[in-house]
There are 2 protein chains.
Amino acid sequence: MRIGELAQKSGVSRDTIRFYERNGLITSTVEDSETNSYRNYKDDCLVWLQFFAGAREAGMSVADLRSIVESTAESCDRDVARAVIQRKIEELKERADQIGNVVRFLENALSGPK
Amino acid sequence: MRIGELAQKSGVSRDTIRFYERNGLITSTVEDSETNSYRNYKDDCLVWLQFFAGAREAGMSVADLRSIVESTAESCDRDVARAVIQRKIEELKERADQIGNVVRFLENALSGPK
DNA sequence: AAAAACAATAGACCTTTGTCCATGGTTTAG
DNA sequence: CTAAACCATGGACAAAGGTCTATTGTTTTT
C-alpha cells in the first residue's frame with residue numbers, strides 16, 4: 001500500500017506518516033524492481049498508525065511509541081518487551097488516576113460554590 | 001505573597017508562574033504604595049497553581065486552563081462556568097477512556113504473542 | 001500526449017510550553 | 001553599609017510534534 005492509501009485509511013496525514021517513519025515508528029520498503037522511489041507499507045502499518053493515534057490522544061509521546069515499537073521488534077527479547085510495555089501501562093494508569101483527581105476537583109468546583 | 005514564596009509553596013517555578021500569569025491563568029497586583037514593582041499574589045493563586053500542576057499532568061493544555069479560570073471569573077455567568085467545566089470534565093473522561101483502550105491494546109500485545 | 005493526481009526529499013515554519021539569560025532595580029542579612 | 005538574595009522585564013533559545021512549500025519525478029486519467 002502506498003502512503004496516500006495508508007493516510008486515507010488511517011486518518012493520519014501523509015506528512016505525519018513520514019514524520020513517524022523518520023522517527024522510527026514505522027518502516028516501509030522501496031521496491032528495487034520499481035522505476036520509482038515510492039514507499040510501500042504493509043498492512044500492519046495501518047494497525048500501528050491507528051494505535052498511535054489513540055496513544056497520542058491518551059498522552060503518550062512519540063518517543064514512548066518508539067520504545068514500544070522497538071521493544072516488539074523481532075530482534076528484541078520478549079521479556080524486555082514485556083517490561084517496557086508494562087512500564088508504559090503503569091504510566092498510563094497513573095495518568096488516568098491523575099485525570100480522576102482533576103475531574104473530582106472540577107466537579108467539586110461545580111457543586112462547591114452553590 | 002511574593003513570587004518566590006508562591007513558587008516554593010506550589011512547586012511551580014518562578015518562570016512558569018510568570019508564564020502562566022502572562023497567559024491569564026493567574027493575576028497579581030502591584031501595590032502602588034510600594035516603591036518597588038514586586039507583584040503580590042493572593043492565597044488562591046496557590047490553590048490554582050496546585051490544580052494547574054495536576055491538570056497539566058492529566059493532559060490539559062494551558063488554553064484549557066485559561067478557559068476554566070475565565071469561566072470562574074467574577075464577571076462570568078455561573079451557568080456558563082458550569083457548562084465550560086462540564087465540557088472539560090467530559091473531555092477528561094473521554095481521555096481516560098482512551099487511555100483505557102490503549103492500556104487494553106498494550107495488555108493484549110503482552111498476552112497475545114504468547 | 002497532456003493534464004491531473006500522487007510521491008519523494010529537503011528544509012522552512014509554526015505552536016505549545018516552558019527555560020534561561022541579561023540588565024537593572026529592591027530588600028534583607030550580616 | 002555592602003553583599004547576597006530577590007524581583008521585574010524583555011528577549012533568546014529549546015524540544016516536541018507537526019505542517020507547509022518548493023522542487024522534481026511517476027502514475028493515472030482523459
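Just the heavy atoms: all of them, side chains too, but no hydrogens, waters or symmetry mates, feed the values below.
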Taken to the nearest whole Å, CG/Asp15(A) to P/dT21(D) is 10 Å
| Is there a side chain to side chain contact (heavy atoms under 4.5 Å, CB included) between Lys9(A) and Glu5(A) once you walk through the steps? | CA-CA 6 Å; Lys9(A) 283 184 177 165; Glu5(A) 189 182 349; 2.8 Å; yes
### Query
If only side-chain N and O atoms of Arg18(B) are considered, is one of them under 4.0 Å from the OP1 or OP2 phosphate oxygen of dT9(D)?
no
Note: contacts of residues 41-52 of chain B with DNA chain D (heavy atom, under 4.0 Å) are none
Taken to the nearest whole Å, CZ/Phe19(B) to C1'/dG10(D) is 15 Å
In whole angstroms, the gap separating P of dC6(C) from NZ of Lys9(A) amounts to 15 Å
Using a cut-off of strictly less than 4.0 Å, decide whether Thr16(A) has a side-chain nitrogen or oxygen near OP1 or OP2 of dT19(D). yes
Quick note, Ser13(B) side chain, CB onward, closest among dG18(D), dG18(C), dT19(C) is dT19(C)
Ring pair (Phe, Tyr, Trp, His ring centres under 6.0 Å) pairs touching residues 64-96 of chain A, sequence neighbours excluded, are none
Answer yes when Arg87(A) and Glu91(A) have at least one side-chain N-carboxylate O distance shorter than 4.0 Å, and no when they do not. yes
**Request:** Return yes if some donor-acceptor pair links the side-chain N/O of Asn108(A) with the main-chain N/O of Phe105(A) below 3.5 Å, else return no.
**Result:** no
Scan the side chains in residues 41-50 of chain A for donor-acceptor partners under 3.5 Å anywhere in the protein, sequence neighbours excluded, and list what turns up.
residue, atom, partner, partner atom, Å
Tyr41(A), OH, Glu21(A), OE1, 2.6

To the nearest angstrom, the CD-P distance between Glu21(B) and dT17(C) comes to 18 Å
Under a 4.0 Å heavy-atom cutoff, the residues of residues 54-61 of chain B touching DNA chain C are Arg56(B), Ser61(B)
Ile17(B) atom CD1 is separated from dT19(C) atom C1', nearest whole Å, by 14 Å
* Give a yes or no on whether the backbone of Met60(A) and the side-chain of Arg56(A) come within a donor-acceptor separation of less than 3.5 Å. => yes
Winner on side-chain proximity to Arg39(A), out of dT9(D), dA8(C), dT19(D), is dA8(C)
Q | Beyond-backbone contact of Leu25(A) with Phe19(A), side-chain heavy atoms, under 4.5 angstrom | A | no
NZ of Lys93(A) to CG of Asp97(A), rounded to nearest 0.5 Å, is 9.5 Å
Checking dT19(D), dG18(C), dG17(D) against the side chain of Val62(A) (C-beta onward), the nearest is dG17(D)
Applying salt bridge (charged side-chain N to carboxylate O under 4.0 Å, His left out) to Glu57(B) and not counting sequence neighbours gives none
- Query: Does any N or O in the side chain of Arg18(B) come within less than 3.5 Å of the main-chain N or O of Arg22(B), such that one atom is a donor and the other an acceptor?
  - Reply: no
Any protein N or O atoms within reach of nucleotides 25-27 of chain D? Criterion: under 3.5 Å, listing atom names and distances.
residue, atom, partner, partner atom, Å
dG25(D), N2, Tyr38(A), OH, 2.8
dT26(D), O4', Tyr38(A), OH, 3.2
dT26(D), O2, Tyr38(A), OH, 3.3
dT27(D), OP1, Thr35(A), OG1, 3.1
dT27(D), OP1, Asn36(A), ND2, 2.7
dT27(D), OP2, Thr35(A), OG1, 3.2

Check whether Arg82(B) reaches the backbone of Leu110(A) with its side chain - one donor and one acceptor, N or O, closer than 3.5 Å. yes
